[in-house]
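Read through the structure below, which is laid out as structure tokens, and then see the notes.
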Amino acid sequence: MNADQRREIFRRLALSIPDPRTELNHASTFELLVAVILSAQATDKGVNLATNRLFADASSPQAVLALGVTGLEAYINSIGLYHGKAKHIIETCRLLIDRHGGQVPDSRAALEALPGVGRKTANVILNTAFGHPVIAVDTHIFRLGNRIGIAPGKTPLAVEQKLTKSTPPEYLPDAHHLLILHGRYVCTARAPKCGTCVIRDLCEYKSKGPAT
DNA sequence: ATCCCGAGGG
DNA sequence: CCCTCTGGAT
């Protein structure tokens, strides 16, 4: 796939997705961090259902820490992997207070030092909250990179590096959300909606059905 | 490589 | 029923 094709793909995605932002409910960077930790192997819809109640009662590191693991679990036990996530979030709140004055840090190293925060979550915060031109490679973007052929790679990190290198600079800030939303609603894991896909003719996926 | 682990969709 | 959902820690 060449540079012109990549630019055309992002141009069309930007036209079809006018508001490329996260669908995770949040009113602060701290709330976004908690929501992104919860979103691992879970749907945004399910996360929002839990965080709507959680953030109404506890919207600061101090308030969430005060809930304790068991108290926090009561809000998030409808989400998969909730026990581990509760422990991580409580520990993360403690570190935010002890090391960062209760604020969410804006460096990759400091973010990845927080329990429950790996490269993907750190990249989401850096991009969404702090405007850094980085691309968080989640399950959707990993799938699209390989399926479309825009950034094939065996690991999420390999896909991220190819995307970072090959994405037209003007699309880098929004690339993460353009790709993830396209993956969520059109280029789905199970039965991709190739019939209504705006980049169908530029895609390398071999199993496309007939155009509609 | 394996474990964590609930809800919704096909 | 099986697969998938904005992964991370061990």
Side-chain angles (χ1 to χ4, degrees), chain A residues 13 17 19-26 29 31-54 69-70 72-95 104 108-130 132 134-148 150-151 153-160 163-164 167 172-195 207 209:
Chain A
L13 289 181
I17 303 171
D19 192 24
R21 292 183 303 153
T22 180
E23 295 183 343
L24 292 168
N25 291 341
H26 66 284
T29 302
E31 290 189 1
L32 177 66
L33 176 62
V34 172
V36 177
I37 292 174
L38 289 173
S39 72
Q41 302 292 284
T43 61
D44 277 11
K45 195 175 297 182
V47 171
N48 287 338
L49 204 60
T51 55
N52 280 342
R53 293 183 294 110
L54 172 62
V69 173
T70 306
L72 178 55
E73 281 180 348
Y75 289 92
I76 67 172
N77 59 16
S78 61
I79 301 173
L81 316 179
Y82 70 92
H83 185 62
K85 290 173 181 176
K87 288 203 308 189
H88 288 151
I89 288 169
I90 292 299
E91 242 357 83
T92 281
C93 287
R94 198 187 310 279
L95 287 178
V104 176
R108 174 190 307 287
L111 285 166
E112 290 189 4
L114 301 169
V117 180
R119 186 178 185 89
K120 178 261 172 180
T121 298
N123 278 346
V124 173
I125 300 299
L126 290 172
N127 178 33
T128 303
F130 298 116
H132 294 205
V134 299
I135 301 177
V137 175
D138 67 339
T139 178
H140 291 296
I141 298 183
F142 183 71
R143 178 180 69 251
L144 267 63
N146 285 289
R147 181 188 281 168
I148 298 172
I150 192 174
K154 290 182 179 174
T155 66
L157 181 59
V159 171
E160 179 189 330
L163 275 177
T164 302
T167 299
L172 259 181
D174 287 338
H176 168 70
H177 289 112
L178 290 174
L179 291 171
I180 197 170
L181 292 171
H182 183 65
R184 182 175 302 167
Y185 295 114
V186 181
C187 194
T188 48
R190 237 201 261 187
K193 299 170 178 59
C194 301
S207 305

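Naming: A, B, ... by sequence-line order, numbering from 1 per chain.
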Within a 6.0 Å radius of atom NZ on A:Lys45, are there more than 12 heavy atoms belonging to other residues, nucleotides or ligands?
no
Just checking [X]: base, sugar-phosphate only, or nothing, at a heavy-atom cut-off of under 4.0 Å?
X: A:Ala42; value: base
X: A:Gly118; value: sugar-phosphate
X: A:Ile79; value: sugar-phosphate
X: A:Gly46; value: nothing
X: A:His176; value: base
X: A:Ile76; value: nothing
X: A:Thr121; value: sugar-phosphate
X: A:Val117; value: sugar-phosphate
X: A:Val124; value: base

First locate atom CD1 of A:Ile150, then atom CD1 of A:Ile141, and finally report the distance between them rounded to the nearest 0.5 Å.
10.0 Å
Can any side-chain N or O of [X] pair as donor or acceptor with the backbone N or O of [Y] at less than 3.5 Å?
X: A:Lys85; Y: A:Ala40; result: yes
X: A:Asn48; Y: A:Glu23; result: yes
X: A:Thr188; Y: A:Ala191; result: yes
X: A:Arg143; Y: A:Cys187; result: yes
X: A:Thr92; Y: A:Ile89; result: no
X: A:Arg108; Y: A:Ala122; result: no
X: A:His176; Y: A:Ala136; result: yes

Atom [atom1] of [X] to atom [atom2] of [N]: distance rounded to whole Å?
X: A:Ile89; N: C:dG7; atom1: CD1; atom2: P; answer: 14 Å
X: A:Leu38; N: C:dG8; atom1: CG; atom2: P; answer: 13 Å
X: A:Arg184; N: C:dC5; atom1: CZ; atom2: C1'; answer: 9 Å
X: A:Arg143; N: C:dC3; atom1: CZ; atom2: C1'; answer: 12 Å
X: A:Ile37; N: C:dG8; atom1: CD1; atom2: P; answer: 9 Å
X: A:Asp138; N: C:dG8; atom1: CG; atom2: C1'; answer: 14 Å
X: A:Leu24; N: C:dG7; atom1: CG; atom2: P; answer: 10 Å
X: A:Glu91; N: C:dG8; atom1: CD; atom2: P; answer: 18 Å

Determine the Euclidean distance between corresponding P atoms of B:dA7 and C:dG8; express it in Å to zero decimal places.
22 Å
Selection from C:dC5, C:dC2, C:dG7 that lies nearest to any side-chain heavy atom of A:Arg190:
C:dC2
Side chain of A:Thr43 - closest among C:dA9, C:dC5, C:dG7
C:dC5
Contact nearer the 5' end of DNA chain B, comparing A:Leu49 with A:Gly84
A:Gly84
If you find the nucleotide of DNA chain B closest to A:Ala191 and the one closest to A:Asn77, which residue's nucleotide is nearer the 5' end?
A:Asn77
Please list, in 5' to 3' order, the outermost nucleotides of DNA chain B lying under 4.0 Å from any heavy atom of chain A.
B:dC4 to B:dG10
Using only side-chain N and O atoms of A:His88, determine if any of them is under 4.0 Å from OP1 or OP2 of C:dG8.
no
Any side-chain N or O of A:Gln41 under 4.0 Å from OP1/OP2 of C:dC5?
no
